[in-house]
Amino acid sequence: MDPLIELLHNNSNRSRHEMAAALGITESEVASRIAAAEADGTILGYSAVVDRLKAGHRGVTALIEVRIAPERDGGFDRLARRISKFDQVRECFLMSGGYDLAVIVEGKDLLDVATFVAEKLSTLGGVLSTATRFQLKAYKQGGFLANSSGDEERLPVSP
């Protein structure tokens with residue numbers, strides 16, 4: 001991965017000055033490379049990794065395993081893009097294994113997610129089946145430990 005992109009991926013809150021110093025380039029070069037990466041779609045956006053419980057979020061998150069029928073000349077792409085456009089969908093991935101798509105959705109409650117699955121997702125032509133699994137608790141998200149007091153020991157890399 002490009003070292004600048006890796007720096008941004010690990011902490012997009014760093015200043016351009018810090019990134020320039022870390023990479024041994026000028027701040028203007030950092031700015032132009034970031035602008036180019038945003039323009040060509042390498043950088044899709046920026047977001048904070050938030051402990052949703054501490055932020056007062058009481059909604060639910062679910063992983064929906066979706067089996068779909070691939071289309072001639074399009075495979076899974078057209079239907080996956082269509083599913084990705086729903087407001088409830090936070091992430092959508094093509095997977096190997098027993099199902100085709102992993103769809104991460106958010107809703108205000110269980111009924112909200114169930115309604116999305118029953119009325120929107122399952123009714124799409126090409127969707128063969130779904131299996132919904134609700135997130136109960138986050139231990140790590142976005143590469144950060146969640147709900148952590150900070151005093152736990154890290155596990156050793158080898159026994």
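Because only heavy atoms are used, hydrogens play no part in the values below, and waters and symmetry mates are left out as well, while side chains stay in.
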**Prompt:** In Å, rounded to the nearest 0.5 Å, how long is the span from CG of Asn13 to CD of Glu18?
**Reply:** 8.5 Å
**Message:** Is any side-chain heavy atom of Leu111 closer than 4.5 Å to one of Phe116?
**Reply:** no
**Request:** Decide side chain to side chain contact (heavy atoms under 4.5 Å, CB included) for Leu110 and Phe134; before the verdict, give the C-alpha distance in whole Å, the side-chain angles of both, and the deciding distance to 0.1 Å.
**Result:** CA-CA 8 Å; Leu110 296 174; Phe134 289 95; 3.4 Å; yes
**Prompt:** What is the distance from atom CD1 of Ile43 to atom NE2 of His9, rounded to the nearest 0.5 Å?
**Reply:** 11.5 Å
**Message:** Tell me whether Arg33 is salt-bridged to Asp2, with the criterion being a basic N under 4.0 Å from an acidic carboxylate O.
**Reply:** yes
**Item:** Interatomic distance, Met19 atom CE to Ser12 atom OG [nearest 0.5 angstrom]
**Value:** 8.5 Å
**Message:** Would you say that Glu6 contacts Asn10 through its side chain, given a criterion of any heavy-atom pair below 4.5 Å between the two side chains?
**Reply:** yes
**Request:** Measure the shortest side-chain to side-chain distance between Thr61 and Val105 over non-hydrogen atoms and say whether it is less than 4.5 angstrom.
**Result:** no
**Message:** Is there a path of hydrophobic side-chain contacts, each under 4.5 Å between heavy atoms of I/L/V/M/F/W/Y residues, joining Val49 to Tyr46?
**Reply:** no
**Message:** Tell me if the CZ atom of Arg82 is crowded by more than 12 foreign heavy atoms within 6.0 Å.
**Reply:** no
**Message:** Tell me if the OH atom of Tyr139 is crowded by more than 12 foreign heavy atoms within 6.0 Å.
**Reply:** no
**Message:** What I'd like to find out is whether the side chain of Val30 reaches to under 4.5 Å of the side chain of Ile34, using heavy atoms alone.
**Reply:** yes
**Request:** Walk me through it: do Cys92 and Ile104 pass the test side chain to side chain contact (heavy atoms under 4.5 Å, CB included)?
**Result:** CA-CA 6 Å; Cys92 182; Ile104 310 295; over 6 Å; no
**Tyr99 versus Leu101, closest heavy-atom pair with distance** = CD1-O, 3.1 Å
**Request:** Could you tell me which non-hydrogen atom of Thr132 sits nearest to which non-hydrogen atom of Ala62, and how far apart they are?
**Result:** CG2-CB, 3.9 Å
**Under 3.5 Å donor-acceptor, Thr130 side chain and Glu65 backbone** = no
**Message:** Check whether Ser32 reaches the backbone of Glu29 with its side chain - one donor and one acceptor, N or O, closer than 3.5 Å.
**Reply:** yes
**Message:** Show, in sequence, the C-alpha distance, side-chain angles and deciding distance for Phe76 and Val66, and conclude whether the side chain to side chain contact (heavy atoms under 4.5 Å, CB included) test is met.
**Reply:** CA-CA 11 Å; Phe76 299 107; Val66 183; over 6 Å; no
**Asked** How about Leu124 and Leu79: do any of their side-chain heavy atoms sit closer than 4.5 Å?
**Response** yes
**Asked** Is there a path from Leu128 to Ile64 through hydrophobic residues (I, L, V, M, F, W, Y) whose side chains come within less than 4.5 Å of each other?
**Response** no
**Prompt:** Between Asp51 and Ala146, is there a donor-acceptor pair closer than 3.5 Å when you use the side chain of the first and the backbone of the second?
**Reply:** no
**Prompt:** Closest heavy-atom contact between Ala37 and Ile5?
**Reply:** CB-CD1, 3.9 Å
**Item:** Same cluster (ILVMFWY, side-chain, under 4.5 Å), Phe86 and Leu44
**Value:** no
**side chain to side chain contact (heavy atoms under 4.5 Å, CB included) evaluation trace for Val50 with His57** = CA-CA 10 Å; Val50 176; His57 183 270; over 6 Å; no
**Prompt:** Any side-chain heavy-atom pair from Leu4 and Leu23 closer than 4.5 angstrom?
**Reply:** yes
**Item:** Val89 to Ile83 - nearest heavy-atom pair and separation
**Value:** CG2-O, 3.4 Å
**Item:** For Gly107 against Asp112, the heavy-atom pair lying closest together
**Value:** CA-OD2, 3.2 Å
**Asked** Can you tell if the side chain of Lys120 reaches within under 4.5 Å of the side chain of Gln88, non-hydrogen atoms only?
**Response** yes
**Prompt:** Taking a hydrophobic cluster as the set of Ile, Leu, Val, Met, Phe, Trp and Tyr residues connected by side-chain heavy atoms closer than 4.5 Å, whether directly or through intermediates, do Val60 and Leu53 fall within one such cluster?
**Reply:** no
**Request:** Flag the pair Arg16 and Glu27 as a salt bridge only when some basic side-chain nitrogen lies within less than 4.0 angstrom of an acidic carboxylate oxygen.
**Result:** no
